[in-house]
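Below is one structure; the comments refer to it alone.
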Amino acid sequence: MIIEMTPDLSRVRVRFAPSPTGFLHIGGVRTALFNWLFARHHGGQFILRVDDTDQARNVVSALQPILDGFKWLGIDWDEGPECDGPHAPYFQSKRSDLYQKAVDTLLANGSAYKDYSRPEEFAAERQAAEKEKRQFIYSRTWMAETPEAEAKFEAEGRDHVIRLKMPREGSCNFHDLIRGDMSFNWAEEQDHVVQRKDGSSLYHLTSVVDDGEMEISHVIRAIEHLANTPRQIFIAQSLGLELPQYAHLPFVAEPGSSNKLSKRKLDKYLKNHDFKRLYDHGARIAEKIGLDAAPETFNPVIVDFFREIGFLPESIVNYLLLLGWSLDDKTEEFNRAEMIQSFSLNRVNKAPASFDPQKLTAFQERYMWRLELEDRVALVLPFLLKAGLIAPEPDSNVLSFVKALVDAAGERLSFAGDILDYEEFFRADDAIEFEEKALRKRLVKADAQRELLKKLAQSLPELEDFSAASVESYIRTFVEAEGVGMGMIVHALRVALTGKAVGFGLFEILSLLGKESCLVRISRAIEIAEASKE
RNA sequence: GGCGCGUUCGUCUAGUGGUCUAGGACGCUGGCCUCUCACGCCGGUAACAGGGGUUCGACUCCCCUACGCGCUACCA
């Protein structure tokens, strides 16, 4: 059988069919993104179809996070949940009449049959074949193609399923847009079940029927479906449907391995250094905003994880774009318009691409750091609020303080949630906690520095202009007059003001806190240091 | 087991028979800058899975092996 396909890019319709599992997986997003880009590039439609055939449970609540994830990422759909469209409903659980009609057609034209074998009988045949190391081909002993045969089997108390009556000779040839010409022998295919004995339909059938009914032009999906394609082509042709073009994407692999990425192996991934680093970083933020960091819901293979800790959707999308696709040997950054413009299936790679948390983070930093100050402030505010560091409707004083803080933080903020590493700027002056080590090294065991601090605290009140620049020149003059280097005061002062050994530029810290706070913090730090000396 | 897909630096990749002593990015690393931490700047490290062909010539084409992944479900 030769299947001719005529590429028609004038009416591109592609789809992504998420299962309502509650989580939007990074690999799924990559597949959806490629579909979306393909549609947008060709001015076609991107359709979301909910694959809820096998779970009757709460679909709505399990679907919402997935839809929210797509919206957040800027992957919008032309037809599907919430917006519907000419091929509604877009929930497979509500399309069973279509599937039943398809089964009737298949039965009527002899492409499928009622099979009355008992599961153990069928299994016995298969096992026998395996034992003899030969290709299993069902004997079709319990196939019923006439009312008489049906009556006979039913009289024996048998149930039936619907099986495809697959060709047993020749080959299925088709062209894959990514892999080239494919050829599979029909004889390797089984008489797959398309409808269970309870009348519910199986994936291959529903998928093909929906693709046909929704006029899908290109099926762009993960490589694991490549071997499923012949049976789907058989179904489509038996139903008289026009075949879509196929494109099978490489899978997304685990960090540092060639195994397929899975959402159920967090424990294993946490053994990967880079992955663990990202997770720990995220967990630190989650803790500060009171978020449950349970691995099932909070995990760097799930899109929500990134949203919760303050990633930019742009960086995720840009990173994912490059996971299996490239434009050339140098271009790495693409905004929406550029990726839509540049995307083509021709440049999709064949080999699996492994998920690299470090490179994703690098993209995030690039995008984050080039944002305007106001935009970074806007990103950071929700985190401060969630952590209880600011009030729900901050006044202009608070806002300008946050702005100054974000400015001082500069490129120390990789994720918006990183702002919570600087909570000492929101604490009361007498509630600063000191890092044990820093306190000891810079204040307790540093008598000269402590004395210097005392001196500074005595003269500091005279300084009127408390801008960073002014503070800097004041302190530089101060140490010069004392005949010591900057190193004598910088570290002690930073620890006294923030409790930490590392942080922003010292003069920014002074300026941010303001003169009063600085003086209070210095004297408190000195007291604590001297007390712990005894 | 059978069938199919895949294999370039640690990772993402460029490369479609000579331009490859294999290019870029992330990472790692040496140095500079510097009040710490970052940032930034300059430099470095590192790959064609292995073996056979084909060819004047192979990362590029063919075959085999190895490894990885998938299909072989009344899962999707």
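In what follows, chains carry the letters A, B, and so on, assigned in the order in which the sequence lines appear, proteins first and then strands, with residues in each chain numbered from 1. Because only heavy atoms are used, hydrogens play no part in the values below, and waters and symmetry mates are left out as well, while side chains stay in.
Of the possible donor and acceptor atoms, one in the side chain of A:Trp325 sits under 3.5 Å from a partner among the backbone N and O of A:Ser344. With hydrogens and angles ignored, the 3.5 Å screen pairs a side-chain donor or acceptor of A:Arg347 with a backbone N or O of A:Leu327. A donor-acceptor pair is defined here as one N or O able to donate and one able to accept, closer than 3.5 Å; such a pair exists between the side chain of A:Arg376 and the backbone of A:Leu371. Between the side chain of A:Arg168 and the backbone N or O of A:Trp186, no donor-acceptor pair lies under 3.5 Å. The main-chain N or O of A:His204 is never found under 3.5 Å from a side-chain atom of A:Ser207 such that the two would form a donor-acceptor pair. A donor-acceptor contact shorter than 3.5 Å is absent between the side chain of A:His218 and the backbone of A:Ile220.
Here, B:rU11 and B:rU45 have their C1' atoms 15 Å apart, quoted to the whole Å. Nucleotides B:rC71 and B:rG30 place their P atoms 45 Å apart, quoted to the nearest Å. Nucleotides B:rC41 and B:rA25 place their P atoms 11 Å apart, quoted to the nearest Å. Comparing B:rG44 with B:rC26, their P atoms sit 15 Å apart, to the nearest whole Å. Taking atom P on both B:rC61 and B:rA38, the two are 45 Å apart, rounded to the nearest angstrom. Comparing the C1' positions of B:rU60 and B:rU54 gives an interatomic distance of 13 Å, to the nearest angstrom. Nucleotides B:rC9 and B:rG23, compared at atom P, are 14 Å apart to the nearest Å. Distance noted for atom C1' between B:rG15 and B:rA58: 13 Å (whole Å).
One distance of note links OH of A:Tyr319 with CD of A:Gln364; it measures 13.5 Å at 0.5 Å rounding. The CZ atom of A:Arg118 sits 10.5 Å away from the CZ atom of A:Phe153 when rounded to the nearest 0.5 Å.
Residue-level contact check: A:Leu506 touches the bases, meaning some heavy atom is under 4.0 Å from a base atom. Using a 4.0 Å heavy-atom criterion, one finds that A:Asp198 contacts no nucleic acid atom at all. Residue A:Val490 is in base contact, counting any heavy-atom pair closer than 4.0 Å across all strands shown. Nucleic acid contact class of A:Lys197 (heavy atoms, under 4.0 Å, all strands): base. Base contact: A:Tyr203 has a heavy atom under 4.0 Å from a base atom. Within the 4.0 angstrom heavy-atom criterion, no nucleotide atom of any strand lies near A:Phe136. Contact annotation for A:Phe363: no contact, since no heavy-atom pair falls under 4.0 Å across all strands. Residue contacts for A:Pro119: at a heavy-atom cut-off of 4.0 Å it reaches a base atom on one of the strands shown. Here A:His225 lies in heavy-atom contact (under 4.0 Å) with a base. Using a 4.0 Å heavy-atom criterion, one finds that A:Gly487 contacts no nucleic acid atom at all.
What separates CH2 of A:Trp142 from P of B:rC74 is a distance of 15 Å, to the nearest Å. Per the geometry, CZ belonging to A:Arg221 stands 12 Å off C1' belonging to B:rC71, to the nearest Å. Rounded to whole Å, the distance from CH2 on A:Trp186 to P on B:rC3 is 18 Å. Between A:Ile137 atom CD1 and B:rU72 atom P the separation is 17 Å, expressed in whole Å. A:Arg118 has its CZ atom 17 Å from the P atom of B:rC74, to the nearest Å. To the nearest angstrom, P of B:rC26 lies 13 Å from CG of A:Asn318.
Of the two residues near RNA chain B, A:Arg347 and A:Lys260, the one whose nearest nucleotide lies more 5' is A:Arg347.
A donor and an acceptor atom sit less than 3.5 Å apart, one in the side chain of A:Arg412 and one in the base of B:rC37. At a cut-off of 3.5 angstrom, counting only N and O atoms as typed in the model, there is a donor on one side and an acceptor on the other between the side-chain of A:Arg494 and the base of B:rC35.
RNA chain B is contacted by A:Gly324, A:Ser326, A:Asp328, A:Asp329, A:Glu332 of residues 324-335 of chain A, taking any non-hydrogen atom closer than 4.0 Å.
Between A:Asn259 and B:rG68 there is no side-chain N or O to OP1 or OP2 distance below 4.0 Å. A sub-4.0 Å separation between OP1 or OP2 of B:rG1 and a side-chain N or O of A:Arg134 is absent. When the side-chain nitrogen and oxygen atoms of A:Arg442 are compared with OP1 and OP2 of B:rU36, none of them lie within a distance under 4.0 Å. Using a 4.0 Å cut-off, no side-chain N or O of A:Arg231 falls inside it from OP1 or OP2 of B:rC71. Proximity of A:Asn349 to the phosphate of B:rU7: no side-chain N or O atom is located under 4.0 Å from OP1 or OP2.
For the side-chain hydrogen bond (donor to acceptor under 3.5 Å, both in side chains) with A:Asp421, the qualifying choice from A:Lys500, A:Arg412, A:Lys288 is A:Lys288, the only one to do so.
Of the candidate nucleotides B:rC71, B:rC12, B:rG6, B:rG6 has the atom lying nearest to any side-chain atom of A:Ala351.
Remark: A:Arg15 does not engage A:Asp210 in a salt bridge, criterion side-chain N to carboxylate O under 4.0 Å.
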